[in-house]
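Written out below as structure tokens is the structure these notes cover.
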Amino acid sequence: MRTAVGPLLSVAWRNALDLVFPRRCVGCGAFGDFLCGDCLDATPRAAPPRCSVCWMPGEDDVCGRCRGGTFAFEEARCPFVFSGPAREAVHALKYQGVSAIAEVMGRMMAECLDAWSLRVGALVPLPLTGPRRRARGYNQSELLAREVSRLSGVPLARRLLERRKGARPQALAADEDARRANVAEAFAVRQRDPLPGPLLLVDDVMTSGATLDACARALRGAGHGPVYALTFGRED
Ligand SMILES: [Zn+2]
Ligand SMILES: [Zn+2]
């Protein structure tokens with residue numbers, strides 16, 4: 001099934017952007033692409049053996065944390081460990097306005113989804129708060145999800161999740177429980193009608209997994225799911 005999502009950038013836009021952000025590799029500085037083939041090859045892959053749920057490195061099928069039922073998502077996957085050129089790519093996308101790098105990042109994520117052989121009904125990008133989105137001009141998770149959608153044919157559920165206004169910044173929450181409660185309050189589900197099939201959350205990086213967990217919890221609470229998660233990288 002193909003969706004109506006077009007290429008991430010039209011040719012005209014790409015040419016205009018190339019003037020502002022020349023296509024230089026974030027890893028080695030070579031001109032031509034935002035992440036060159038050599039740097040992609042040199043970036044550490046998030047390869048097995050890993051926990052089949054949270055994808056943390058380890059010999060066990062399911063790690064201790066996941067055996068305790070920590071996460072509301074079923075499984076998480078990503079192509080890269082968050083280091084080297086993968087870290088530079090996320091930084092360029094999030095903090096340097098290089099939105100076009102989402103194209104190569106999304107391509108690697110689509111390949112990861114393909115290798116995962118997971119059948120999902122829709123892609124759900126993690127939302128940003130309004131002010132953050134306005135400050136950046138785009139939601140980086142949505143750009144990644146759009147590219148994965150274009151390549152995989154899985155439709156995008158762009159506005160299924162939203163960030164509630166006034167959720168307190170993470171740093172203010174005292175301990176892990178408080179942070180978890182704080183994060184859980186931060187997301188709301190806009191659509192109550194169940195979507196067909198499992199949902200796939202899409203984000204740039206998985207760190208503790210708390211944010212993906214909160215989103216999965218919100219979706220499950222609204223009757224959606226099961227929920228899986230795909231990111232570009234993860235902090236091991
Ligand atoms: Zn390079
Ligand atoms: Zn785990």
Side-chain angles (χ1 to χ4, degrees), residues 14 17-18 21-109 111-113 115-116 118 126 147 176-177 179-180 183-184 198-217 219-220 225-236:
R14 180 181 291 190
L17 272 174
D18 280 353
F21 300 108
R23 290 188 167 248
R24 293 191 72 169
C25 174
V26 293
C28 67
F31 286 97
D33 208 346
F34 290 113
L35 204 45
C36 77
D38 288 347
C39 286
L40 273 177
D41 289 346
T43 304
R45 295 270 173 169
R50 286 174 177 265
C51 167
S52 63
V53 178
C54 72
W55 210 234
M56 188 148 85
E59 296 296 329
D60 292 335
D61 275 355
V62 178
C63 76
R65 261 187 104 192
C66 291
R67 267 199 296 273
T70 302
F71 296 120
F73 53 79
E74 307 296 317
E75 291 178 354
R77 293 291 182 275
C78 60
F80 296 109
V81 175
F82 185 55
S83 68
R87 182 188 287 268
E88 298 301 325
V90 169
H91 197 268
L93 176 63
K94 270 171 106 160
Y95 304 116
Q96 295 171 335
V98 189
S99 56
I101 199 173
E103 206 175 303
V104 59
M105 294 169 75
R107 174 157 51 84
M108 303 313 290
M109 292 168 74
E111 284 178 14
C112 179
L113 175 61
W116 192 0
L118 181 72
L126 259 70
E147 192 60 12
E176 171 137 17
D177 281 350
R179 266 196 294 276
R180 190 171 283 275
V183 148
L199 300 178
L200 184 64
L201 289 166
V202 177
D203 201 8
D204 48 8
V205 184
M206 174 167 167
T207 48
S208 71
T211 309
L212 290 168
D213 174 62
C215 290
R217 237 166 254 283
L219 290 167
R220 297 306 304 263
V227 180
Y228 294 80
L230 176 68
T231 61
F232 176 70
R234 95 183 291 298
E235 270 185 4
D236 281 351

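Please read these numbers as outputs of a predicted model, since none were measured by experiment. Each ligand, and each atom within it, is numbered from 1 in the order the structure gives.
Glu75 and Trp55 share no donor-acceptor pair across their side chains, judged by distance under 3.5 Å alone.
Considering the Zn ion (ligand 2) as centre, the angle to SG of Cys66 and to SG of Cys63 is 110° (10° rounding). Geometry note: the Zn ion (ligand 1) is the vertex, Cys28 SG and Cys25 SG are the arms, and the angle is 110° (rounded to 10 degrees). Between the SG atom of Cys39 and the SG atom of Cys36, the angle centred on the Zn ion (ligand 1) amounts to 110° when rounded to 10°.
No side-chain donor-acceptor contact under 3.5 Å links Arg45 to the backbone of Cys78. In this structure, Asp203 contributes its side chain and Thr231 its backbone to no donor-acceptor pair below 3.5 Å.
Within a 6.0 Å sphere centred on CG of Asp61, other residues, nucleotides and ligands contribute 12 heavy atoms or fewer.
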